[in-house]
Number of protein chains: 2
Amino acid sequence: MLRVSKLTDYGTVVLARMAREPERTFSAAALAEAVALPVSTVRKLLKVLTRHGLLNSCRGQQGGYQLARPPQRISLADIIEALEGPLGLTECSFQHGLCQLEARCHIRSQWQDVNQVIYGALARVSLVELLAKPSNKSIALLNT
Amino acid sequence: MLRVSKLTDYGTVVLARMAREPERTFSAAALAEAVALPVSTVRKLLKVLTRHGLLNSCRGQQGGYQLARPPQRISLADIIEALEGPLGLTECSFQHGLCQLEARCHIRSQWQDVNQVIYGALARVSLVELLAKPSNKSIALLNT
DNA sequence: TTTATATAGTACTAATATAGTACCGTTTGA
DNA sequence: TCAAACGGTACTATATTAGTACTATATAAA
(Lines give C-alpha, C1' and ligand atoms only; values in the text may rest on other atoms or scores of the structure.)
Protein backbone atom coordinates (compact mmCIF):
# COMPACT_ATOMS: atom_id res chain seq x y z
CA MET A 1 0.00 0.00 0.00
CA LEU A 2 2.83 2.32 -0.86
CA ARG A 3 4.30 1.66 2.50
CA VAL A 4 7.87 1.64 3.71
CA SER A 5 9.06 -1.55 5.39
CA LYS A 6 8.95 -1.87 9.14
CA LEU A 7 12.71 -1.78 9.26
CA THR A 8 12.63 1.61 7.58
CA ASP A 9 9.97 2.75 9.96
CA TYR A 10 12.08 1.64 12.90
CA GLY A 11 15.03 3.33 11.25
CA THR A 12 13.38 6.71 11.40
CA VAL A 13 12.46 6.20 15.03
CA VAL A 14 15.96 5.17 16.00
CA LEU A 15 17.67 7.91 14.06
CA ALA A 16 15.29 10.52 15.40
CA ARG A 17 16.20 9.37 18.89
CA MET A 18 19.87 9.69 18.10
CA ALA A 19 19.30 13.14 16.64
CA ARG A 20 18.17 14.35 20.03
CA GLU A 21 21.75 13.90 21.22
CA PRO A 22 23.72 14.19 18.01
CA GLU A 23 27.14 13.92 19.58
CA ARG A 24 26.44 10.94 21.79
CA THR A 25 27.63 7.45 21.01
CA PHE A 26 24.89 4.87 21.54
CA SER A 27 25.27 1.16 21.91
CA ALA A 28 22.71 -0.97 20.13
CA ALA A 29 21.40 -2.13 23.49
CA ALA A 30 20.98 1.39 24.79
CA LEU A 31 19.12 2.45 21.68
CA ALA A 32 16.85 -0.56 21.73
CA GLU A 33 16.01 0.27 25.29
CA ALA A 34 15.38 3.91 24.45
CA VAL A 35 12.95 3.22 21.64
CA ALA A 36 11.43 0.03 23.05
CA LEU A 37 12.36 -2.27 20.19
CA PRO A 38 14.00 -5.71 20.27
CA VAL A 39 17.76 -5.55 20.43
CA SER A 40 18.24 -7.95 17.52
CA THR A 41 16.16 -5.80 15.26
CA VAL A 42 17.90 -2.62 16.25
CA ARG A 43 21.26 -4.28 15.75
CA LYS A 44 20.36 -5.29 12.23
CA LEU A 45 19.13 -1.83 11.50
CA LEU A 46 22.22 -0.08 12.76
CA LYS A 47 24.48 -2.31 10.74
CA VAL A 48 22.69 -1.40 7.53
CA LEU A 49 22.65 2.28 8.31
CA THR A 50 26.37 2.16 9.04
CA ARG A 51 27.14 0.32 5.82
CA HIS A 52 25.32 3.07 3.95
CA GLY A 53 27.19 5.86 5.64
CA LEU A 54 24.48 7.34 7.81
CA LEU A 55 26.19 6.21 10.98
CA ASN A 56 29.74 5.79 12.17
CA SER A 57 30.47 2.80 14.31
CA CYS A 58 33.11 1.94 16.80
CA ARG A 59 33.73 -1.57 18.08
CA GLY A 60 34.85 -2.79 21.44
CA GLN A 61 34.17 -1.68 24.90
CA GLN A 62 32.73 1.85 24.98
CA GLY A 63 31.97 1.38 21.32
CA GLY A 64 28.70 2.11 19.62
CA TYR A 65 27.10 4.20 16.92
CA GLN A 66 27.02 7.88 16.18
CA LEU A 67 25.38 9.99 13.50
CA ALA A 68 27.79 10.35 10.62
CA ARG A 69 26.48 13.80 9.77
CA PRO A 70 24.58 16.57 11.51
CA PRO A 71 20.89 15.67 11.83
CA GLN A 72 19.79 18.34 9.39
CA ARG A 73 21.81 16.60 6.70
CA ILE A 74 20.16 13.18 7.12
CA SER A 75 16.86 13.00 5.25
CA LEU A 76 14.01 10.57 4.93
CA ALA A 77 15.18 9.95 1.40
CA ASP A 78 18.59 8.91 2.74
CA ILE A 79 17.04 6.57 5.26
CA ILE A 80 14.65 4.96 2.81
CA GLU A 81 17.37 4.50 0.22
CA ALA A 82 19.69 2.95 2.77
CA LEU A 83 17.13 0.46 4.00
CA GLU A 84 15.12 -0.26 0.85
CA GLY A 85 17.40 0.53 -2.02
CA PRO A 86 16.94 3.16 -4.68
CA LEU A 87 13.52 4.73 -4.80
CA GLY A 88 11.44 3.73 -7.78
CA LEU A 89 7.70 3.53 -7.72
CA THR A 90 7.59 1.10 -10.62
CA GLU A 91 9.95 -1.60 -11.73
CA CYS A 92 10.73 0.19 -14.96
CA SER A 93 11.57 3.43 -13.24
CA PHE A 94 14.25 1.65 -11.30
CA GLN A 95 15.96 -0.25 -14.05
CA HIS A 96 15.74 -0.59 -17.79
CA GLY A 97 14.80 -3.80 -19.49
CA LEU A 98 12.92 -5.48 -16.68
CA CYS A 99 9.52 -4.74 -18.09
CA GLN A 100 8.48 -6.49 -21.24
CA LEU A 101 6.03 -3.76 -22.05
CA GLU A 102 8.72 -1.18 -22.17
CA ALA A 103 8.74 -0.83 -25.95
CA ARG A 104 5.01 -0.28 -26.14
CA CYS A 105 4.70 1.67 -22.95
CA HIS A 106 4.04 5.36 -23.20
CA ILE A 107 4.22 6.33 -19.59
CA ARG A 108 7.64 5.30 -18.39
CA SER A 109 9.14 8.76 -18.43
CA GLN A 110 6.15 10.13 -16.57
CA TRP A 111 6.71 7.68 -13.76
CA GLN A 112 10.28 8.85 -13.59
CA ASP A 113 9.10 12.41 -13.12
CA VAL A 114 6.80 11.29 -10.34
CA ASN A 115 9.64 9.48 -8.64
CA GLN A 116 11.77 12.57 -8.74
CA VAL A 117 9.07 14.66 -7.16
CA ILE A 118 8.53 12.20 -4.37
CA TYR A 119 12.24 11.86 -3.85
CA GLY A 120 12.43 15.62 -3.55
CA ALA A 121 9.72 15.70 -0.95
CA LEU A 122 11.44 13.02 1.10
CA ALA A 123 14.82 14.68 0.74
CA ARG A 124 13.42 17.87 2.20
CA VAL A 125 12.54 16.19 5.50
CA SER A 126 15.58 15.85 7.71
CA LEU A 127 15.87 14.35 11.15
CA VAL A 128 15.43 17.85 12.50
CA GLU A 129 12.02 18.21 10.90
CA LEU A 130 11.14 14.70 11.94
CA LEU A 131 11.88 15.58 15.50
CA ALA A 132 10.01 18.86 15.59
CA LYS A 133 7.08 18.41 17.92
CA PRO A 134 4.28 20.38 16.31
CA SER A 135 2.82 19.42 12.99
CA ASN A 136 2.16 21.58 9.91
CA LYS A 137 5.64 22.96 10.09
CA SER A 138 7.17 20.42 7.80
CA ILE A 139 4.18 20.67 5.51
CA ALA A 140 4.83 24.33 4.98
CA LEU A 141 8.44 23.55 4.33
CA LEU A 142 7.67 20.78 1.91
CA ASN A 143 5.37 22.80 -0.26
CA THR A 144 7.90 25.45 -1.14
CA MET B 1 11.49 -0.40 -2.03
CA LEU B 2 8.68 2.12 -1.89
CA ARG B 3 7.19 0.55 -4.93
CA VAL B 4 3.62 0.26 -6.10
CA SER B 5 2.40 -3.26 -6.78
CA LYS B 6 2.47 -4.66 -10.28
CA LEU B 7 -1.29 -4.54 -10.42
CA THR B 8 -1.15 -0.82 -9.78
CA ASP B 9 1.52 -0.45 -12.38
CA TYR B 10 -0.62 -2.31 -14.89
CA GLY B 11 -3.54 -0.18 -13.81
CA THR B 12 -1.84 2.99 -14.90
CA VAL B 13 -0.95 1.45 -18.23
CA VAL B 14 -4.48 0.24 -18.87
CA LEU B 15 -6.13 3.48 -17.79
CA ALA B 16 -3.70 5.52 -19.83
CA ARG B 17 -4.66 3.46 -22.83
CA MET B 18 -8.33 4.05 -22.17
CA ALA B 19 -7.69 7.76 -21.76
CA ARG B 20 -6.55 7.91 -25.36
CA GLU B 21 -10.14 7.20 -26.36
CA PRO B 22 -12.07 8.46 -23.35
CA GLU B 23 -15.53 7.82 -24.77
CA ARG B 24 -14.89 4.33 -26.02
CA THR B 25 -16.15 1.22 -24.28
CA PHE B 26 -13.45 -1.45 -24.06
CA SER B 27 -13.91 -5.12 -23.37
CA ALA B 28 -11.38 -6.69 -21.04
CA ALA B 29 -10.10 -8.79 -23.92
CA ALA B 30 -9.62 -5.81 -26.20
CA LEU B 31 -7.72 -3.92 -23.51
CA ALA B 32 -5.52 -6.87 -22.69
CA GLU B 33 -4.68 -7.13 -26.34
CA ALA B 34 -3.98 -3.41 -26.59
CA VAL B 35 -1.53 -3.30 -23.70
CA ALA B 36 -0.08 -6.79 -24.14
CA LEU B 37 -1.02 -8.16 -20.74
CA PRO B 38 -2.73 -11.46 -19.83
CA VAL B 39 -6.50 -11.27 -20.02
CA SER B 40 -7.00 -12.71 -16.53
CA THR B 41 -4.86 -10.05 -15.00
CA VAL B 42 -6.55 -7.26 -16.87
CA ARG B 43 -9.95 -8.62 -15.91
CA LYS B 44 -9.04 -8.61 -12.24
CA LEU B 45 -7.74 -5.10 -12.53
CA LEU B 46 -10.82 -3.74 -14.25
CA LYS B 47 -13.11 -5.24 -11.66
CA VAL B 48 -11.29 -3.48 -8.85
CA LEU B 49 -11.18 -0.17 -10.65
CA THR B 50 -14.90 -0.42 -11.31
CA ARG B 51 -15.68 -1.24 -7.71
CA HIS B 52 -13.80 1.90 -6.69
CA GLY B 53 -15.64 4.13 -9.11
CA LEU B 54 -12.90 4.85 -11.62
CA LEU B 55 -14.66 2.90 -14.35
CA ASN B 56 -18.22 2.23 -15.35
CA SER B 57 -19.01 -1.25 -16.52
CA CYS B 58 -21.71 -2.72 -18.68
CA ARG B 59 -22.43 -6.42 -18.87
CA GLY B 60 -23.65 -8.51 -21.71
CA GLN B 61 -22.87 -8.59 -25.35
CA GLN B 62 -21.39 -5.27 -26.45
CA GLY B 63 -20.61 -4.64 -22.80
CA GLY B 64 -17.31 -3.46 -21.41
CA TYR B 65 -15.64 -0.72 -19.44
CA GLN B 66 -15.51 3.00 -19.78
CA LEU B 67 -13.80 5.77 -17.84
CA ALA B 68 -16.19 6.99 -15.17
CA ARG B 69 -14.81 10.52 -15.37
CA PRO B 70 -12.88 12.62 -17.85
CA PRO B 71 -9.19 11.61 -17.87
CA GLN B 72 -8.04 14.86 -16.32
CA ARG B 73 -10.06 13.98 -13.23
CA ILE B 74 -8.49 10.57 -12.67
CA SER B 75 -5.19 10.86 -10.81
CA LEU B 76 -2.37 8.57 -9.80
CA ALA B 77 -3.54 9.01 -6.23
CA ASP B 78 -6.98 7.69 -7.24
CA ILE B 79 -5.47 4.70 -8.98
CA ILE B 80 -3.11 3.82 -6.17
CA GLU B 81 -5.81 4.16 -3.56
CA ALA B 82 -8.17 2.01 -5.56
CA LEU B 83 -5.65 -0.78 -6.02
CA GLU B 84 -3.64 -0.61 -2.80
CA GLY B 85 -5.90 0.99 -0.27
CA PRO B 86 -5.40 4.29 1.50
CA LEU B 87 -1.96 5.77 1.19
CA GLY B 88 0.12 5.60 4.32
CA LEU B 89 3.87 5.33 4.33
CA THR B 90 3.92 3.84 7.80
CA GLU B 91 1.51 1.61 9.63
CA CYS B 92 0.77 4.25 12.21
CA SER B 93 -0.02 6.89 9.65
CA PHE B 94 -2.74 4.70 8.28
CA GLN B 95 -4.48 3.71 11.45
CA HIS B 96 -4.25 4.43 15.14
CA GLY B 97 -3.38 1.82 17.69
CA LEU B 98 -1.53 -0.62 15.48
CA CYS B 99 1.88 0.43 16.60
CA GLN B 100 2.89 -0.36 20.14
CA LEU B 101 5.39 2.44 20.14
CA GLU B 102 2.74 5.03 19.53
CA ALA B 103 2.74 6.43 23.03
CA ARG B 104 6.48 6.92 23.08
CA CYS B 105 6.82 7.88 19.44
CA HIS B 106 7.54 11.47 18.64
CA ILE B 107 7.37 11.37 14.90
CA ARG B 108 3.93 10.10 14.05
CA SER B 109 2.50 13.44 13.09
CA GLN B 110 5.52 14.16 10.94
CA TRP B 111 4.91 11.02 8.94
CA GLN B 112 1.37 12.15 8.43
CA ASP B 113 2.61 15.40 6.96
CA VAL B 114 4.88 13.50 4.63
CA ASN B 115 2.01 11.33 3.51
CA GLN B 116 -0.05 14.37 2.71
CA VAL B 117 2.68 15.86 0.63
CA ILE B 118 3.16 12.69 -1.36
CA TYR B 119 -0.54 12.30 -1.78
CA GLY B 120 -0.66 15.82 -3.13
CA ALA B 121 2.05 15.10 -5.65
CA LEU B 122 0.27 11.96 -6.85
CA ALA B 123 -3.07 13.74 -6.97
CA ARG B 124 -1.62 16.33 -9.29
CA VAL B 125 -0.78 13.76 -11.97
CA SER B 126 -3.86 12.86 -13.99
CA LEU B 127 -4.19 10.44 -16.84
CA VAL B 128 -3.70 13.39 -19.15
CA GLU B 129 -0.26 14.13 -17.72
CA LEU B 130 0.54 10.46 -17.69
CA LEU B 131 -0.19 10.29 -21.37
CA ALA B 132 1.75 13.36 -22.38
CA LYS B 133 4.67 12.18 -24.47
CA PRO B 134 7.52 14.47 -23.50
CA SER B 135 8.99 14.46 -20.03
CA ASN B 136 9.71 17.42 -17.74
CA LYS B 137 6.28 18.78 -18.30
CA SER B 138 4.71 17.03 -15.36
CA ILE B 139 7.70 17.87 -13.24
CA ALA B 140 7.13 21.55 -13.80
CA LEU B 141 3.50 21.06 -12.97
CA LEU B 142 4.20 19.10 -9.85
CA ASN B 143 6.53 21.61 -8.36
CA THR B 144 4.07 24.44 -8.29
C1' DT C 1 47.80 -10.06 28.36
C1' DT C 2 43.40 -11.29 29.41
C1' DT C 3 38.64 -10.37 29.54
C1' DA C 4 34.35 -8.18 28.86
C1' DT C 5 31.93 -5.42 25.68
C1' DA C 6 30.39 -4.22 21.38
C1' DT C 7 29.99 -4.30 16.37
C1' DA C 8 30.28 -7.20 11.57
C1' DG C 9 28.67 -10.59 8.85
C1' DT C 10 25.76 -14.17 7.72
C1' DA C 11 22.31 -17.54 7.71
C1' DC C 12 17.90 -19.25 8.78
C1' DT C 13 12.80 -19.68 9.75
C1' DA C 14 8.20 -18.06 9.86
C1' DA C 15 4.84 -15.05 8.47
C1' DT C 16 2.83 -12.11 5.15
C1' DA C 17 1.89 -10.11 0.75
C1' DT C 18 1.92 -10.30 -4.13
C1' DA C 19 1.22 -12.37 -8.62
C1' DG C 20 -1.05 -14.96 -11.47
C1' DT C 21 -4.84 -17.93 -12.79
C1' DA C 22 -9.19 -20.40 -12.97
C1' DC C 23 -13.95 -21.25 -12.19
C1' DC C 24 -18.77 -20.39 -11.80
C1' DG C 25 -22.58 -17.22 -11.76
C1' DT C 26 -25.20 -13.30 -13.75
C1' DT C 27 -26.47 -9.95 -17.12
C1' DT C 28 -27.63 -8.46 -21.70
C1' DG C 29 -28.05 -7.91 -26.62
C1' DA C 30 -28.62 -10.30 -30.99
C1' DT D 1 -32.13 -19.07 -26.59
C1' DC D 2 -27.38 -18.43 -26.97
C1' DA D 3 -23.09 -16.31 -26.86
C1' DA D 4 -20.50 -12.41 -25.18
C1' DA D 5 -19.01 -10.02 -21.41
C1' DC D 6 -18.75 -8.65 -16.56
C1' DG D 7 -18.92 -9.98 -11.16
C1' DG D 8 -17.34 -12.53 -7.41
C1' DT D 9 -14.47 -15.65 -5.31
C1' DA D 10 -11.11 -18.98 -4.37
C1' DC D 11 -6.75 -21.01 -4.97
C1' DT D 12 -1.66 -21.84 -5.73
C1' DA D 13 2.91 -20.40 -6.25
C1' DT D 14 6.27 -17.15 -5.50
C1' DA D 15 8.62 -13.38 -3.39
C1' DT D 16 9.28 -10.35 0.20
C1' DT D 17 9.45 -8.99 4.86
C1' DA D 18 10.09 -9.76 9.73
C1' DG D 19 12.32 -11.50 13.26
C1' DT D 20 16.06 -14.00 15.40
C1' DA D 21 20.36 -16.43 16.30
C1' DC D 22 25.12 -17.53 15.82
C1' DT D 23 30.00 -16.89 14.96
C1' DA D 24 33.89 -13.85 14.12
C1' DT D 25 36.41 -9.67 14.97
C1' DA D 26 37.82 -5.45 17.14
C1' DT D 27 38.78 -2.56 21.21
C1' DA D 28 39.25 -0.63 25.77
C1' DA D 29 40.00 -1.49 30.44
C1' DA D 30 41.59 -4.27 34.21
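Residue numbering restarts at 1 for every chain, and letters A, B, ... go by the order of the sequence lines. Computed over heavy atoms, backbone and side chain alike; hydrogens, waters and symmetry mates excluded.
Counting only distance, with no hydrogens or angles, the side chain of A:Glu84 and the backbone of A:Val4 share no donor-acceptor pair below 3.5 Å. Put simply, the side chain of A:Asn115 gets close to the backbone of A:Leu89: a donor and an acceptor are under 3.5 Å apart. Here the side chain of B:Arg24 pairs no donor or acceptor atom with the backbone of B:Met18 at under 3.5 angstrom.
Among the protein residues, A:Leu46 comes within range of no part of the nucleic acid, since none of its heavy atoms lies under 4.0 Å from any strand. Residue contacts shown for B:Lys47 include a base, since a base heavy atom lies under 4.0 Å away. Within the nucleic acid shown, A:Ala29 has no heavy atom closer than 4.0 Å to any nucleic acid atom. Residue contacts shown for B:Arg51 are limited to sugar-phosphate atoms, with no base heavy atom under 4.0 Å away.
A:His52 has its NE2 atom 15 Å from the C1' atom of C:dA8, to the nearest Å. Put simply, NZ on A:Lys6 is 19 Å from P on C:dA14, counting in whole angstrom units. The CG-P distance, from A:Leu2 to D:dT17, rounds to 13 Å in whole Å. Across the protein-nucleic acid pair, A:Leu7 atom CG and C:dA15 atom P stand 19 Å apart, rounded to whole Å. Rounded to whole Å, atom C1' of C:dA11 lies 15 Å from atom CZ of A:Arg43. A:Arg3 has its CZ atom 11 Å from the P atom of D:dA18, to the nearest Å. Summarising the geometry, the separation between OH on A:Tyr65 and P on C:dT5 is reported as 17 Å, rounded to the nearest angstrom. Put simply, CG on B:Leu45 is 13 Å from P on D:dC6, counting in whole angstrom units.
Each of A:Leu76, A:Ile118, A:Leu130 was compared with B:Val114 under the side-chain contact (heavy atoms from CB on, under 4.5 Å) criterion, and only A:Leu76 meets it.
No continuous path of ILVMFWY side-chain contacts below 4.5 Å connects B:Val128 to A:Val117, so the two sit in separate hydrophobic clusters.
Side-chain proximity of B:Gln61 to C:dT5, D:dA3, C:dT7: nearest is D:dA3. Listed nucleotides C:dA30, D:dC6, C:dA19 differ in distance to B:Gln62; the shortest reach to its side chain belongs to C:dA30. If you check C:dA19, C:dA6, D:dG19 against the side chain of A:Lys44, the one that comes closest is D:dG19. Checked against C:dA22, D:dC6, D:dA4, the side chain of B:Ser40 finds its nearest nucleotide in C:dA22.
Taken to the nearest 0.5 Å, the CG atom of B:Asn56 stands 12.0 Å off from the CG atom of B:Leu49. One distance of note links CD1 of B:Ile107 with OG1 of A:Thr12; it measures 3.5 Å at 0.5 Å rounding.
Here B:Tyr10 reaches the OP1 or OP2 of C:dG20: one of its side-chain N or O atoms lies under 4.0 Å away.
Contacts between residues 53-60 of chain A and DNA chain C, defined by a heavy-atom separation below 4.0 Å, involve A:Ser57, A:Cys58, A:Arg59, A:Gly60, listed by number.
In plain terms, the two heavy atoms of A:Ser57 and A:Thr50 that are nearest each other are OG-CG2, 3.7 Å.
DNA chain D is contacted by both A:Pro38 and A:Gly63; A:Pro38 maps to the nucleotide lying nearer its 5′ end (nearest heavy atom per residue).
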